[in-house]
Amino acid sequence: MFDVDKKEVKDAVEKAYRELDAFRRDMQREGENALRIIRQKGMKGIVLAGRPYHTDPQINHGIPEMINSLGMAVLTEDSVSHLGRLEAPLRVVNQWAYHARLYMAAKYVATQKDLELVQLNSFGCGLDAVTTDQVQEILNGHSKIYTLLKIDEGNNLGAARIRLRSLKAIMEERERNRYVNKKETEPFKKIPFTKEMKKTHTIIAPELSPIHFRFVEEAFRLSGYQTAVLPIQNTRAVDIGLKYVNNDACYPSIIVTGQIIEALQSGKYDPDNTSVIITQTGGGCRATNYIAFIRKALRDAGFKNVPVISLNAGGLEKNPGFKITPNLIHRSLYGLLYGDLLMSVLYRTRPYEKIKGSANELYRKWSDRCIDSLKNARKEVFEENIRGIVNEFDSLEITDEIKPKVGLVGEILVKYHPLANNNVVNVVEEEGGEAVTPSLTDFLLYCAYNKNFQYTYGSGSKLAQILGNAAIKIVELYRRTYKQALAGSKRFYPQKTIQEIAQGASKIMSLGNQTGEGWLLTGEMVKLIESGIKNIICMQPFACLPNHVVGKGMIKELKRLYPDSNIVAVDYDPGASEVNQLNRIKLMISTAFENIRGKVETTTSLKQANAGTG
């Protein structure tokens with residue numbers, strides 16, 4: 001279209017990178033020059049660290065000039081970061097270029113007596129809940145002062161001015177007293193899970209989905225790991241999480257960390273013989289750093305010697321005593337598919353059951369039988385169980401009522417865990433609806449499918465793409481009987497492939513949206529709507545930026561493409577109003593009932609008209 005060939009584009013990109021490198025070298029030279037001037041004049045300097053947008057005067061509200069007015073020089077973190085050296089691995093996952101510069105700048109400041117660091121942070125800003133804690137640890141580890149200024153829409157800078165003047169006063173007092181910075185804490189040290197620990201340690205894991213994790217827990221036990229999934233029974237875990245996790249972090253990280261600390265504080269588990277396991281995606285979501293949140297919380301709560309095992313497929317962390325074996329994968333896949341199927345058939349039949357409690361009783365029967373079958377994990381038994389579950393739930397006596405079908409989508413923990421979503425499934429059923437929740441296995445397939453986009457348009461490798469597609473084929477082999485049984489049933493919804501879900505999402509957005517639930521969340525909404533489930537509750541934790549974009553942010557376009565869709569966005573957080581959540585859901589279901597009545601009346605009128613014509 002632009003009559004530009006590939007070589008010209010490549011040459012332009014290479015020149016642009018050379019110019020970028022030159023700019024960075026100029027920035028570093030200016031930083032070193034500023035440091036010389038500061039020291040020649042005996043001045044103090046502030047490394048003012050912030051996001052790139054904090055350089056905008058309309059956003060930083062003149063903080064740099066305010067620091068200058070106090071007689072101190074201002075330097076940016078990228079002008080001095082090249083002078084810092086990180087001595088050991090950090091507690092957090094250091095996965096972004098900006099974060100790496102920030103940490104190195106903090107390390108340099110920590111060793112200089114005439115510099116301090118001030119970090120600007122805006123509410124809910126991406127991964128700053130991760131960076132702020134880590135920068136504070138680096139500075140405090142050398143007895144330096146950490147100053148964080150939250151910059152939001154308000155322009156009352158009185159508090160910021162007081163804090164900056166206090167910082168200057170402390171710097172001057174330290175100079176008068178000839179204070180010498182010293183190392184006060186040892187660098188973070190990861191506690192590995194050893195082969196010996198496998199024999200004696202109980203591995204505790206936060207619960208994600210009660211239906212699925214019962215099977216996953218058993219799969220781990222049968223694979224040689226003494227595993228205990230921690231159920232959330234009340235809000236105490238949330239209160240503990242708020243105590244030990246940066247409150248700018250997202251709700252799920254607060255919940256999972258709170259579960260772990262609550263369990264260790266309960267006295268039920270011996271800290272000397274207990275380890276923790278947590279999934280780690282490696283993506284841009286804060287979920288990659290849940291492991292860092294947990295390790296900090298364990299240290300602060302007095303359990304610093306408890307190992308934390310990272311469960312990941314990308315080799316982010318390794319532990320000598322924990323291996324993802326073929327048997328573990330085999331049993332876990334069976335367990336996840338049992339969970340997906342039982343969740344699907346239970347939610348589909350329970351709202352219509354003629355005999356109260358019959359659906360739950362049938363669920364318990366098959367749940368126990370499936371748990372027992374994981375011991376041998378034989379293919380023929382698995383397939384027999386899958387067909388048996390579908391047949392018996394297909395035969396369960398139900399009414400012929402017409403109820404609104406309500407799809408439940410959102411952030412993965414909030415979507416599946418009753419405490420995190422304030423029992424949204426029960427709410428939907430009590431309001432006269434039927435809850436429809438997409439399968440958990442689709443999230444695994446989404447992660448594997450992302451390798452295609454990463455290879456085609458990003459820096460992903462061909463090998464990763466091949467392995468990702470191979471993983472999808474393997475899971476689909478496991479799901480074959482499951483999908484056939486659903487497709488052949490008389491009342492259950494057929495299962496779509498991840499390729500079909502991706503195709504639906506691509507109508508709305510780029511598949512490059514891969515942070516958090518990414519395009520999968522939008523794809524699930526499209527899948528539900530096109531399957532006739534046009535009422536949807538889109539759930540996101542407050543301050544979960546990715547899901548606000550791919551969830552709430554897509555609702556307008558979805559309603560444009562599907563005018564008869566009925567979607568409501570609901571935020572879940574420790575401070576969220578449960579009454580407000582309930583009212584929004586009730587209003588959505590009320591609209592769904594009106595739509596059903598309208599369709600019934602229209603159908604009746606058409607029948608009468610046709611009868612009259614005849």
Side chain to side chain, [X] and [Y], heavy atoms closer than 4.5 Å:
{"X": "Ser358", "Y": "Leu396", "value": "yes"}
{"X": "Glu476", "Y": "Leu445", "value": "yes"}
{"X": "Gln259", "Y": "Val276", "value": "no"}
{"X": "Lys198", "Y": "Gln226", "value": "no"}
{"X": "Ile294", "Y": "Ile291", "value": "no"}
{"X": "Val345", "Y": "Tyr363", "value": "no"}
{"X": "Arg350", "Y": "Leu362", "value": "no"}
{"X": "Leu242", "Y": "Asn247", "value": "yes"}

Enter the distance from [X]:[atom1] to [Y]:[atom2] here, rounded to the nearest 0.5 Å.
{"X": "Glu524", "Y": "Ile536", "atom1": "CD", "atom2": "CD1", "result": "9.5 Å"}
{"X": "Ser332", "Y": "Leu311", "atom1": "OG", "atom2": "CG", "result": "8.5 Å"}
{"X": "Phe215", "Y": "Phe220", "atom1": "CZ", "atom2": "CZ", "result": "15.5 Å"}
{"X": "Asn312", "Y": "Cys447", "atom1": "CG", "atom2": "SG", "result": "11.5 Å"}
{"X": "Thr227", "Y": "Leu230", "atom1": "OG1", "atom2": "CG", "result": "11.0 Å"}
{"X": "Leu208", "Y": "Leu440", "atom1": "CG", "atom2": "CG", "result": "6.0 Å"}

Taking [X] as the fixed residue, which of [options] is the one that meets the side chain to side chain contact (heavy atoms under 4.5 Å, CB included) rule?
{"X": "Tyr347", "options": "Val428, Val406, Ile211", "answer": "Ile211"}
{"X": "Glu207", "options": "Ile255, Val229, Val216", "answer": "Val229"}
{"X": "Cys538", "options": "Val550, Leu521, Leu408", "answer": "Leu521"}

Starting from the C-alpha separation in whole Å, work towards a yes-or-no answer on side chain to side chain contact (heavy atoms under 4.5 Å, CB included) for Asn289 and Gln95. CA-CA 10 Å; Asn289 266 292; Gln95 64 183 141; 3.9 Å; yes

Which pair of non-hydrogen atoms, one from [X] and one from [Y], has the smallest distance, and what is that distance?
{"X": "Met197", "Y": "Pro307", "result": "SD-CG, 3.7 Å"}
{"X": "Thr437", "Y": "Lys415", "result": "CG2-CG, 4.0 Å"}
{"X": "Ala237", "Y": "Glu262", "result": "CB-OE1, 3.5 Å"}
{"X": "Gly258", "Y": "Ile240", "result": "O-CG2, 4.1 Å"}
{"X": "Ala219", "Y": "Leu328", "result": "O-CD1, 4.0 Å"}
{"X": "Ile386", "Y": "Ala485", "result": "CG2-CB, 4.0 Å"}

Going by atom types only, do [X] and [Y] share a side-chain donor-acceptor pair under 3.5 Å?
{"X": "Asp340", "Y": "His212", "value": "yes"}
{"X": "Asp248", "Y": "Thr132", "value": "no"}
{"X": "Asn469", "Y": "Asn452", "value": "yes"}
{"X": "His99", "Y": "Thr131", "value": "no"}
{"X": "Asn547", "Y": "Glu517", "value": "yes"}
{"X": "Glu317", "Y": "Ser310", "value": "no"}

Hey, what's the ring geometry for Phe322 with Tyr225, parallel, tilted or perpendicular (30° and 60° as the breaks)?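 Phe322 vs Tyr225 ring planes: tilted.
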
Contacts of [X] that satisfy side chain to side chain contact (heavy atoms under 4.5 Å, CB included) - sequence neighbours left out:
{"X": "Phe303", "answer": "Leu264, Gln265, Pro271, Leu298, Ala301, Val306"}
{"X": "Arg299", "answer": "Glu137, Lys296, Lys304"}
{"X": "Ile585", "answer": "Val424, Val427, Ile537, Val570, Tyr572, Ile589"}
{"X": "Ser531", "answer": "Lys496, Lys527"}

Are there more than 12 heavy atoms of other residues, nucleotides or ligands under 6.0 Å from atom [atom1] of [X]?
{"X": "Lys189", "atom1": "NZ", "value": "no"}
{"X": "Gln503", "atom1": "CD", "value": "no"}
{"X": "Lys451", "atom1": "NZ", "value": "no"}
{"X": "Glu361", "atom1": "CD", "value": "no"}
{"X": "Phe492", "atom1": "CZ", "value": "yes"}

Between Phe443 and Tyr446, is the ring centroid distance below 6.0 Å?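 Centroid separation for Phe443 and Tyr446: below 6.0 Å.
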
With Phe382 via ring pair (Phe, Tyr, Trp, His ring centres under 6.0 Å) - residues at least two apart: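 Ring pair (Phe, Tyr, Trp, His ring centres under 6.0 Å) check on Phe382 returns Tyr334, Tyr338.
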
ring-ring contact (aromatic ring centres under 6.0 Å, His included) contacts touching residues 275-300 (sequence neighbours left out):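 Every pair satisfying ring-ring contact (aromatic ring centres under 6.0 Å, His included) with a residue in residues 275-300: there are none.
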
Test Lys483 against Thr497 for side chain to side chain contact (heavy atoms under 4.5 Å, CB included), laying out the working first. CA-CA 10 Å; Lys483 291 170 71 174; Thr497 66; 3.3 Å; yes

Without swapping roles, check the side chain of [X] against the backbone of [Y] for a donor-acceptor pair under 3.5 Å.
{"X": "Asn535", "Y": "Gly407", "answer": "no"}
{"X": "Ser461", "Y": "Ala464", "answer": "yes"}
{"X": "His201", "Y": "Ile203", "answer": "no"}

With the threshold set at 4.0 Å, does a side-chain nitrogen-carboxylate oxygen contact exist between [X] and [Y]?
{"X": "Lys379", "Y": "Glu383", "answer": "yes"}
{"X": "Glu429", "Y": "Lys403", "answer": "no"}
{"X": "Arg479", "Y": "Asp442", "answer": "yes"}
{"X": "Glu218", "Y": "Arg214", "answer": "no"}

Test Leu520 against Ile498 for side chain to side chain contact (heavy atoms under 4.5 Å, CB included), laying out the working first. CA-CA 9 Å; Leu520 176 66; Ile498 195 64; 4.2 Å; yes

Assess the residue pair Tyr493 and Lys405 against the criterion (side chain to side chain contact (heavy atoms under 4.5 Å, CB included)); give the C-alpha distance rounded to whole Å, side-chain angles, the decisive distance to 0.1 Å, and a yes or no. CA-CA 12 Å; Tyr493 308 114; Lys405 297 174 174 58; 2.9 Å; yes

